[in-house]
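Atoms within a ligand are numbered from 1 in the order they appear, just like the ligands themselves.
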Amino acid sequence: MVKFLIDTLEQKHILSKSEFVSLIKHFDSQEISNYLFEKAVAVRQKHYGTTIYTRGLIEMSNYCRNNCYYCGLRASNKEIERYRLDKETILACCKIGYELGFRTFVLQGGEDPYYTEKKMTDIISTIRKTYPDCAITLSLGEMSYETYLAFYQAGANRYLLRHETANADHYALLHPKELSEKNRKQCLENLKKIGYQIGTGFMVGTPFQTPEFLADDLLYIAQLQPQMIGIGPFIPHHQTPFANQKQGSVQLTLFLLGILRLMLPAVLLPSTTALGTLDPRGREKGILAGANVVMPNLSPIAVRKKYQIYDNKICTGDEAAECRFCLQRRMESIGCQLVVDRGDAKM
Ligand code: 5AD
Ligand code: SF4
Ligand code: FES
């Protein structure tokens, strides 16, 4: 019966909410997981072969004006040492990254008002001119339509904004009242309308999450049809209101990666750092569940430890080149190859 749901998902790329809920509830069955992962890997290989795309992640600022209950960068966290990278440092990261074979740069940060539209468009257009063959991905949170448009016109191609949870009540349990699920979804619509390749996603195992909420996440994603989907287990951070909450399950995260691969066969699906943080082979397991992207860190070593969105984050003491080659070896250990490529979605 459950295998039948996986077959249906493979053929139709969608299930009803109650079907998704029943499927999700079987995540801890080894037999069902293996059945799902085998199909998911076959679909990944059909579209991408054994090629794994890579992106250079530049964590440009750990200042954030928001107070998401789960995140270590929240404004109310007074313990964390804040930093922001200037234009020259960001460009130096791109240079190192380009030489290491990265053709996508991801500029990620908290919502930091220091980077005004003017400062940010200047940074983006300089990267665009210097590296015309590279994709520029932004992951800088919620902004106005006009600002998103200005960044796009300056040369950004992609934008990552996880919806976090598609259910409004659940959203309100994870965020202060200034933030809403409605605005989040509006931002994603705006980005799509402007012409960005968009990425969304959610955390697995956040407090109060239920299989029904996860089914809502899947249905929302099916309707949005993003080019990228980032998911990872929730990991508590000791200086947040969720410090004592349970961490998310690696097994459930892998199961959802498999489901997402069957739902959107050609989607770009990263095997995330959070997976690698909870399991030493988490990123390899993510690929073996259907993921096809890894995002090694390109941030300067001096700031790495300060970008602690959750506790025990890996790769905070390693140089860009170390992470790059570490991941290459990890991918080769499971029969895949990292490639020098922009890695656009084949959809
Ligand atoms: N554990 C796991 N992921 C987290 N994120 C934020 N805080 C945590 C945490 N404690 C994720 C959110 C955000 C992305 C940048 O990191 O989904 O969108
Ligand atoms: Fe800021 Fe993003 Fe962390 Fe929320 S998740 S506090 S918006 S960095
Ligand atoms: Fe960073 Fe392995 S990927 S050290």
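Counting non-hydrogen atoms of neighbouring residues, nucleotides and ligands closer than 6.0 angstrom, the CG atom of Asn244 reaches no more than 12 such neighbours.
Between the CG atom of Asp217 and the CE atom of Met203 there is a distance of 10.0 Å, given to the nearest 0.5 Å. Rounding to the nearest 0.5 Å places CD1 of Ile127 at 10.0 Å from CG of Asp122. Between the CZ atom of Arg329 and the CD atom of Glu284 there is a distance of 11.0 Å, given to the nearest 0.5 Å. Remark: Leu9 CG to Leu36 CG distance equals 8.0 Å, nearest 0.5 Å. Atoms CD1 and SG, on Ile309 and Cys68 in that order, are 10.5 Å from each other to the nearest 0.5 Å. With rounding to the nearest 0.5 Å, the separation of CZ in Arg324 from CG in Asp318 is 15.0 Å.
There is no protein heavy atom closer than 4.0 angstrom to atom 2 (Fe) of ligand 2.
Taking every heavy atom of Tyr70 and a limit of under 4.0 angstrom, the matching atoms of ligand 2 come to 5 (S). Heavy-atom proximity to Cys71, at under 4.0 Å, picks out these atoms of ligand 2: 3 (Fe), 5 (S), 6 (S), 8 (S). Close contacts between ligand 1 and Cys71 involve ligand atoms 7 (N) [criterion: under 4.0 Å to a heavy atom]. Atom numbering of ligand 2 starts at 1 in the shown order; those under 4.0 Å from a heavy atom of Gly110 are 8 (S). Under a 4.0 Å criterion applied to the non-hydrogen atoms of Leu327, ligand 3 contributes the atoms 3 (S). Every atom of ligand 3 is numbered from 1 in the order shown, and the set under 4.0 Å from a heavy atom of Cys315 is 1 (Fe), 3 (S), 4 (S).
A donor and an acceptor atom, one from each side chain of Asn190 and Tyr196, are nowhere located under 3.5 Å apart.
By the 3.5 Å distance cut-off applied to N or O atoms, Ala274 is not counted among the residues near ligand 1. At least one N or O atom of Arg162, backbone or side chain, sits closer than 3.5 Å to an N or O atom of ligand 1. In terms of polar-atom proximity, defined here as any N/O pair under 3.5 Å, Tyr70 does make such a contact with ligand 1. In terms of polar-atom proximity, defined here as any N/O pair under 3.5 Å, Glu164 does make such a contact with ligand 1.
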Can you check ring-ring contact (aromatic ring centres under 6.0 Å, His included) on Phe151 and Tyr159, steps first, answer last? CA-CA 10 Å; Phe151 292 173; Tyr159 206 102; 7.6 Å; no
Tyr70 and Phe234: ring-ring contact (aromatic ring centres under 6.0 Å, His included), yes or no, with the steps? CA-CA 8 Å; Tyr70 44 82; Phe234 162 72; 7.3 Å; no
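At a heavy-atom cutoff of 4.0 Å, ligand 3 is contacted by no atom of Met295, backbone or side chain. The side chain of Met203, and not its backbone, has at least one atom closer than 4.0 Å to an atom of ligand 1 (non-hydrogen atoms only; side chain from C-beta on).
With Glu59 as reference, Lys313 is the one residue of Lys306, Lys313, Arg84 to meet the salt bridge (charged side-chain N to carboxylate O under 4.0 Å, His left out) rule. In summary, of the residues considered (His175, His170, Gln209, Glu181), a side chain to side chain donor-acceptor pair (under 3.5 Å) with Thr165 occurs for His170 alone. A salt bridge (charged side-chain N to carboxylate O under 4.0 Å, His left out) with Glu142 is found for exactly one of Arg184, Arg65, Arg162, namely Arg184.
The shortest contact between atom 4 (Fe) of ligand 2 and any protein heavy atom is with Cys68 SG, 2.3 Å. Ranking the protein heavy atoms by distance from atom 2 (Fe) of ligand 3 puts Cys326 SG, 2.2 Å first. Scanning the protein heavy atoms around atom 1 (N) of ligand 1, the nearest turns out to be Ile235 N, 2.9 Å. Nearest protein neighbour of atom 15 (C) of ligand 1, counting heavy atoms only, is Gln108 NE2, 4.2 Å. Ranking protein heavy atoms by distance to atom 3 (S) of ligand 3, first place goes to Arg283 NH1, 3.2 Å. Atom 7 (S) of ligand 2 has Asn66 ND2, 3.4 Å as its closest protein atom, hydrogens excluded (heavy atom only).
Using a 4.0 Å heavy-atom cutoff, Pro233 is listed among the residues neighbouring ligand 1.
Not one N, O or S atom of Cys323 sits under 2.8 Å from atom 2 (Fe) of ligand 3. Atom 3 (Fe) of ligand 2 has no N, O or S atom of Cys64 under 2.8 Å away, backbone or side chain.
Lys119 forms a cation-pi arrangement with Tyr114, by the criterion of a distance under 6.0 Å to the ring centre and an angle within 45° of the ring axis.
Here atom 16 (O) of ligand 1 lies nearest to Ile309 when heavy atoms of Ile309, Asp311, Thr200, Thr206 are compared.
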